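Remarks on the structure that follows.
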Amino acid sequence: MQYHSTRDNAVCVTAARAITQGISKDGGLFVPESFPPLSAQEIDSLVNCSYVERATYVLSKYLTDFTQEEVKACAEAAYSLERFRDPAIAPLRTLHDNTHILELWHGPTCAFKDMALQILPHLMRVSAEKTSDGKEIVILVATSGDTGKAALEGFRDAPHTRILVFYPEDGVSPMQKLQMVTQEGENVSVCAIRGNFDDAQTGVKTIFTDPAVADMLAQNGMMFSSANSINWGRLVPQIVYYVSAYCDLLKNGTLKNGEPMNVVVPTGNFGNILAAYYAKKMGLPIAKLICASNKNRVLTDFINSGTYDRNRAFFTTTSPSMDILISSNLERLLYELSGRDDAEIREWMSALSKDGSYTVSDTVKAAIEESFVGGCCDDEQTAATIRNIFETYGYLCDTHTAVAVHVCEEYLRDTGDTTPTVIASTANPYKFSSSVLTALGADVSALDEFEKVEALNTATGEAVPSPLSCLRGRTPRFTGVCDKENMQQVVYDLLGIQ
């Protein structure tokens, strides 16, 4: 299995090279040359398997320059009960009727990013042994909240690796910020930027693709890689949990092999729902992919119109991990739907950079509409959904999952679709205690962050995850803030490069 750049078909690298490099030198994203088939017989063979076994099987189809033993060792190290609080790793809960919740937040940072970022350091280590020529790997990350902590935790004290995380100063929840700025580890650094996530993401991609920066790192025995979902090693593990969810629907008798399911994903950067699309390309029976956005509805508008336009107001919402106007992984989808036309991708991405918008062809728009549905949800609807779901079903969800539930309910009501539907639940509600408590009718104005956690526990009886409760009283290690224009110098300073 080889990997090409979305902006240059002539680029051809192994999986290990794609993982260590992170992004193509032309600014494109690495994509597999083909999608390995997953037959009904293969799916049936995975039904009674553990999550580790399912992950090993699926990942081995893409990581063909790894041995089966290497892939298995990575999966076993990542998805252990020492790291995940549920033996199913990604358990499937029935909400009601044909609607199911795929809980992706039982890992060490209580967010879905753990599903990929617990295994990525192990994939990176194996890849580096094959490709890095002894260089120290510098993981550079932009985060809207959850990726940062999950990456910091995953790469903490990993040998021959450093990790630098940038986050928007006012664009993450208090709990997300506390998780990052108190991170332990000798090889970790965290810095806030004055700006939003798109500013952080753009800054990171600019640093990544600057030849002068790459030369400076090389002179110091270092090389960049990424833990964002632009890295193939971050994206490919996400395919696994959609395969796993389908296997669980077969196991509990909801579906018969070959019958379809719908998938609903709250998404900002498009990686999580793209993984479901890739699973569908492999042959997993997925009918509709329902893309749920918050008030920053750039993806909803794109799916419905064919025009991507970031020239709009930016809203800070109660679902901050989705406060994004530039969805990087959409480039991978467009590459596939355009017939892998790298020239067209270059044209669209250039227009996005220059003018802030582009319009896809009628053919691509029709292909999007064939698989995807777009919907959105504002903060008031999010709060109402949290309250209604808890009062009706006794299920407590976070603000991002609530966006997906609302969009799902609207879709089912408008279409009458009776296909069993899986909603990706992306974070534990205690990561957003203030918003969840407010949705349940509480006045939180006089409470600090951990008083809110206690109040939410009292109001709902939901257990507080230990990785969050143990943060109380921790002193921040990282207090730096920079302007977005100074990110490159901050990288040099944190690495000790003159």
Side-chain angles (χ1 to χ4, degrees), residues 84-86 88 90-96 99-115 144-147 149-150 172-180 264-268 272 292 294 317-323 377-409 422-444 447-472:
F84 284 80
R85 298 177 301 281
D86 192 294
L92 195 67
R93 316 289 189 197
T94 297
L95 185 63
H96 62 86
T99 303
H100 310 267
I101 303 289
L102 178 61
E103 294 181 346
L104 301 172
W105 39 259
H106 291 277
T109 75
C110 306
F112 84 101
K113 305 297 175 70
D114 288 325
M115 299 301 300
S144 56
D146 288 331
T147 288
K149 171 59 180 179
V172 301
S173 79
M175 188 65 79
Q176 288 174 315
K177 180 177 180 178
L178 191 58
Q179 284 186 297
M180 288 188 283
V264 188
V265 186
T267 189
N272 200 0
N294 63 17
T317 74
T318 58
S319 46
S321 296
M322 299 159 64
D323 290 347
C377 177
D378 63 25
D379 283 356
E380 291 74 21
Q381 293 167 322
T382 299
T385 300
I386 291 171
R387 183 174 60 254
N388 293 340
I389 292 299
F390 184 71
E391 291 177 350
T392 305
Y393 304 107
Y395 188 86
L396 188 66
C397 65
D398 84 296
T399 49
H400 303 75
T401 304
V403 169
V405 171
H406 175 84
V407 171
C408 176
E409 290 177 338
V422 170
I423 299 172
S425 179
T426 55
N428 185 282
Y430 281 101
K431 294 199 77 168
F432 307 93
S433 296
S434 181
S435 296
V436 174
L437 258 179
T438 301
L440 296 178
D443 180 3
V444 302
L447 304 179
D448 68 24
E449 187 64 20
F450 287 95
E451 288 171 338
K452 294 171 187 175
V453 168
E454 290 176 354
L456 185 57
N457 174 256
T458 300
T460 66
E462 290 291 321
V464 183
S466 57
L468 300 183
S469 62
C470 73
L471 292 172
R472 190 166 196 167

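None of the values given here were measured: they were computed from a predicted structure.
Between the OG atom of Ser173 and the CG atom of Leu178 there is a distance of 9.5 Å, given to the nearest 0.5 Å. Rounding to the nearest 0.5 angstrom, the gap separating the CG atom in Leu447 from the CG atom in Leu437 is 7.5 Å. Note: Thr438 OG1 to Ile386 CD1 = 9.0 Å, rounded to the nearest 0.5 Å. Here OG of Ser435 is found 9.5 Å from CG of Asp398. Values are rounded to the nearest 0.5 Å. For the atom pair Ile423 CD1 and Cys408 SG, the distance stands at 4.0 Å (nearest 0.5 Å). Atom CG in Asp146 sits 7.5 Å away from atom CD in Gln179 (nearest 0.5 Å).
Asp378 places no side-chain N or O within 3.5 Å of a backbone atom of Asn294 that could act as its donor or acceptor partner. A donor-acceptor pair is defined here as one N or O able to donate and one able to accept, closer than 3.5 Å; such a pair exists between the side chain of Asp379 and the backbone of Thr318. In this structure a side-chain-to-backbone donor-acceptor pair under 3.5 Å is missing from Lys149 to Pro108. Here the side chain of Arg93 pairs no donor or acceptor atom with the backbone of Ile101 at under 3.5 angstrom. Checking side-chain atoms of Tyr430 against main-chain N and O of Met175 turns up no donor-acceptor pair under 3.5 Å.
Between Pro174 and Glu449, the closest heavy-atom pair is CB-OE1, 3.4 Å. Residues Val436 and Leu396 approach most closely at CG1-CD1, 3.7 Å, considering heavy atoms. The heavy-atom pair separating Ser425 from Tyr395 by the smallest distance is OG-OH, 4.3 Å. Annotation for Pro429 and Leu456: closest pair O-CD2, 4.3 Å, computed over non-hydrogen atoms. For the pair Phe450 and Ser469, the tightest heavy-atom approach, listed with the atom from each and the gap, is CE2-O, 4.3 Å. Across all their heavy atoms, Ala150 and Asp114 have their closest contact at CB-OD1, 3.5 Å.
Heavy atoms from other residues, nucleotides or ligands lying under 6.0 Å from NZ of Lys177 number 12 at most.
At a cut-off of 3.5 Å, with distance as the only test, a side-chain donor of Ser321 or Gln176 sits close to an acceptor on the other residue. Checked by atom type, the side-chain pair Asn272/Thr267 shows no donor-acceptor distance below 3.5 Å.
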Derivation of the side chain to side chain contact (heavy atoms under 4.5 Å, CB included) call for Leu468 and Val453: CA-CA 9 Å; Leu468 300 183; Val453 168; over 6 Å; no
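By the 4.5 Å heavy-atom criterion applied to side chains, Cys377 and Thr382 are counted as neighbours.
Note: Phe432 and His400 have tilted aromatic rings, judged against thresholds of 30 and 60 degrees for the angle between ring planes.
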